[in-house]
Asker: 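Sharing a structure here in C-alpha cells format.
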Amino acid sequence: MKKSERTKQFIIAQTAAIFNKKGFVGTSMADITGATGLTKGAIYGNFANKDEVALAAFAFNYGQIRKTVHVELQKAENTREKLMAYVSFYEEYYPTIFEWGGCPILNAASDSDDAHPALFEKASSALENWRNNLISIIEEGLDNGQVKPDVKPETFADVFISLVEGGILIAKTLGTEKPLLSNLEQLKTQIEEILI
C-alpha cells in the first residue's frame, strides 16, 4: 500500500467515529485535524473536501458492521441461523456501536436527509442492501420449506429493521441498552413464529 493510501486510511479510521457521533455538519475541520494530528493541508492533500472524508467515514463505519455480520452469515446453514446471526451481532456488539455513536445507517440517514444528498444516498443504499439481504433470506426459506407460506418477506424485513433501529434509537436517547435488548428478544420470538 502506498504512503498516500495509508495516510488516507489513517484519516478515515481516526475520524469515522467522530462523523458518526457528530454528523457531517457537526464535525469540524478542527475535529478532523485534532483526531489525526495532521494539518488541514495534509487532510486536503488526501481528500478534496470534508464531504469526501464524510463519505469515506460512513463507508468505513458501515463496512465494519457489514464485514462482521457477513462472517457470521457464512457460518449459518438455514433460515433460522441466518436471521439469528443479525440478532446475535447486535447482542454482542451493541456496546461498541454505542461507543461509536450508534448505528451509522440511522445516524447518516437522519443527519443528511435534507443537508447532504450524497451521504443520504449512501445511507439509503446501505439500508436497502440490508433490507434486500433479509428479503432474500426469507424468500430462500420459503423456497426450502423452512418459513411459513403466509410470511411476506418485505413486511418481515421492514419489521426486523424497525425493531433493531428503533431499539438503538430509544436506547441511545434514554441512555440505557434495555430497549434494544428487549427489541432483540421480541425479534427472536418473531423469527421463531415464522419458521416451520
Side-chain angles (χ1 to χ4, degrees), residues 9-10 12-23 35 56-111 119 122-141 144 146-147 151 153-196:
Q9 293 304 316
F10 172 76
I12 293 165
Q14 296 303 307
T15 60
I18 296 169
F19 275 103
N20 199 42
K21 287 178 182 175
K22 292 188 167 189
F58 172 76
F60 178 87
N61 287 329
Y62 173 59
Q64 295 294 101
I65 291 175
R66 189 172 180 194
K67 182 171 43 178
T68 306
V69 172
H70 182 73
V71 168
E72 294 307 310
L73 285 173
Q74 293 304 305
K75 299 176 192 172
E77 296 181 0
N78 55 47
T79 302
R80 183 185 185 282
E81 289 178 5
K82 289 176 183 177
L83 294 173
M84 288 297 186
Y86 282 102
V87 177
S88 298
F89 168 79
Y90 285 101
E91 284 180 325
E92 184 174 347
Y93 289 99
Y94 77 83
T96 304
I97 293 170
F98 285 9
E99 182 184 324
W100 274 58
C103 174
I105 298 173
L106 178 65
N107 289 355
S110 58
D111 177 54
L119 184 57
K122 293 286 185 190
S124 297
S125 177
L127 183 62
E128 187 174 359
N129 183 58
W130 182 14
R131 184 177 187 266
N132 287 339
N133 284 344
L134 289 168
I135 290 169
S136 294
I137 291 169
I138 298 300
E139 288 175 342
E140 184 182 8
N144 295 337
Q146 296 173 1
V147 172
V151 174
E154 293 84 1
T155 302
F156 183 83
D158 292 342
V159 170
F160 191 108
I161 292 170
S162 297
L163 282 168
V164 172
E165 295 293 5
I168 291 172
L169 174 65
I170 297 168
K172 283 282 296 166
T173 303
L174 299 181
T176 173
E177 71 275 6
K178 288 179 183 176
L180 173 60
L181 297 179
S182 173
N183 278 15
L184 294 176
E185 287 302 316
Q186 178 62 34
L187 202 43
K188 288 180 189 176
T189 300
Q190 293 199 10
I191 290 169
E192 297 296 348
E193 286 175 353
I194 69 162
L195 299 175
I196 294 174

Asker: Do the non-hydrogen side-chain atoms of Trp130 and Ile161 ever get within less than 4.5 Å of each other?
Answerer: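 Answer yes - side chains close enough.
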Asker: According to side chain to side chain donor-acceptor pair (under 3.5 Å), does anything in residues 154-176 pair up with another residue at least two apart or in another chain? List the pairs.
Answerer: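 The answer is Arg131-Asp158.
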Asker: Quick test of your reading: applying side chain to side chain donor-acceptor pair (under 3.5 Å), list the pairs with at least one residue in residues 93-111, sequence neighbours left out, ordered by first then second residue.
Answerer: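 Sorted pair list: Asn20-Asn107.
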Asker: What heavy-atom pair brings Thr79 and Leu195 nearest, and what distance separates the two atoms?
Answerer: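 Shortest heavy-atom contact: CG2-CD2, 4.0 Å.
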Asker: Nearest 0.5 Å please: distance from the NE2 atom of His70 over to the CZ atom of Phe89.
Answerer: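 Taking NE2 in His70 and CZ in Phe89, the distance rounds to 14.0 Å.
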Asker: Does any pair with a residue in residues 186-196 pass salt bridge (Lys or Arg N to Asp or Glu O under 4.0 Å), and if so which ones, sequence neighbours excluded?
Answerer: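 Pairs touching residues 186-196 that pass the test: Arg80-Glu192, Glu91-Lys188, Glu185-Lys188.
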Asker: Show the nearest heavy-atom pair for residues Cys103 and Ile97, with the distance to one decimal.
Answerer: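 Looking at all heavy atoms of both residues, the shortest contact is N-CG2, 3.7 Å.
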Asker: Phe58 and Ala123: which non-hydrogen atoms are nearest, and at how many Å?
Answerer: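 Heavy atoms of Phe58 and Ala123 come nearest at CZ-CA, 3.7 Å.
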Asker: Restricting to non-hydrogen atoms, name the atom on Leu169 and the atom on Leu106 that form the minimum distance, rounded to 0.1 Å.
Answerer: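 Looking at all heavy atoms of both residues, the shortest contact is CB-CD2, 4.0 Å.
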Asker: I'd like to know if the side chain of Asn183 reaches the main chain of Leu163, judged simply by a donor and an acceptor atom lying under 3.5 Å from each other, with no hydrogens or angles considered.
Answerer: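 At least one qualifying donor-acceptor pair exists.
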Asker: Judged by atom type as modelled, is there a donor-acceptor pair below 3.5 Å linking the side chain of Asn61 to the main-chain atoms of Ala57?
Answerer: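 Yes, Asn61 side chain to Ala57 backbone: donor-acceptor pair under 3.5 Å.
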Asker: Could you list the residues that satisfy salt bridge (Lys or Arg N to Asp or Glu O under 4.0 Å) with Glu139, not counting sequence neighbours?
Answerer: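 Residues passing salt bridge (Lys or Arg N to Asp or Glu O under 4.0 Å) with Glu139: none at all.
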Asker: Under the rule for side chain to side chain donor-acceptor pair (under 3.5 Å), what residues qualify as partners of Gln186, not counting sequence neighbours?
Answerer: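 Side chain to side chain donor-acceptor pair (under 3.5 Å) check on Gln186 returns nothing, list empty.
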Asker: Between Ile170 and Leu180, is a side chain to side chain contact (heavy atoms under 4.5 Å, CB included) present by the stated rule, with each step listed?
Answerer: CA-CA 7 Å; Ile170 297 168; Leu180 173 60; over 6 Å; no
Asker: Side chain to side chain contact (heavy atoms under 4.5 Å, CB included) for Ile196 and Val147? Distances and angles first, verdict last.
Answerer: CA-CA 5 Å; Ile196 294 174; Val147 172; 5.8 Å; no
Asker: Measuring from atom OG1 of Thr189 to atom CD1 of Ile194, what distance do you get when rounded to the nearest 0.5 angstrom?
Answerer: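 With rounding to 0.5 Å, OG1 (Thr189) is 12.0 Å from CD1 (Ile194).
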Asker: What distance separates Leu73 CG from Asn133 CG, expressed to the nearest 0.5 Å?
Answerer: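 Rounded to the nearest 0.5 Å, the CG-CG separation comes to 7.5 Å.
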Asker: Between Ser88 (side chain only) and Met84 (backbone N and O only), is there a donor and an acceptor less than 3.5 Å apart?
Answerer: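 Flag set: sc Ser88 to bb Met84 pair under 3.5 Å.
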Asker: Minimum heavy-atom separation for Ala171 to Phe98, with atom names?
Answerer: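 Ala171 and Phe98 have their closest heavy atoms at CB-CZ, 3.6 Å.
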Asker: Which residues pass the salt bridge (Lys or Arg N to Asp or Glu O under 4.0 Å) test with Glu140, not counting sequence neighbours?
Answerer: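 Scan of Glu140 (salt bridge (Lys or Arg N to Asp or Glu O under 4.0 Å), adjacent residues dropped) gives Lys82.
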Asker: Can you list the steps and then say if Leu187 with Tyr90 is a side chain to side chain contact (heavy atoms under 4.5 Å, CB included)?
Answerer: CA-CA 11 Å; Leu187 202 43; Tyr90 285 101; over 6 Å; no
Asker: Taking all non-hydrogen atoms of both residues, which atom of Leu83 and which atom of Phe160 are closest, and how far apart?
Answerer: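 The answer is O-CZ, 3.8 Å.
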Asker: From Leu184 CG over to Tyr86 OH, what is the distance, rounded to the nearest 0.5 angstrom?
Answerer: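 That separation rounds to 14.0 Å.
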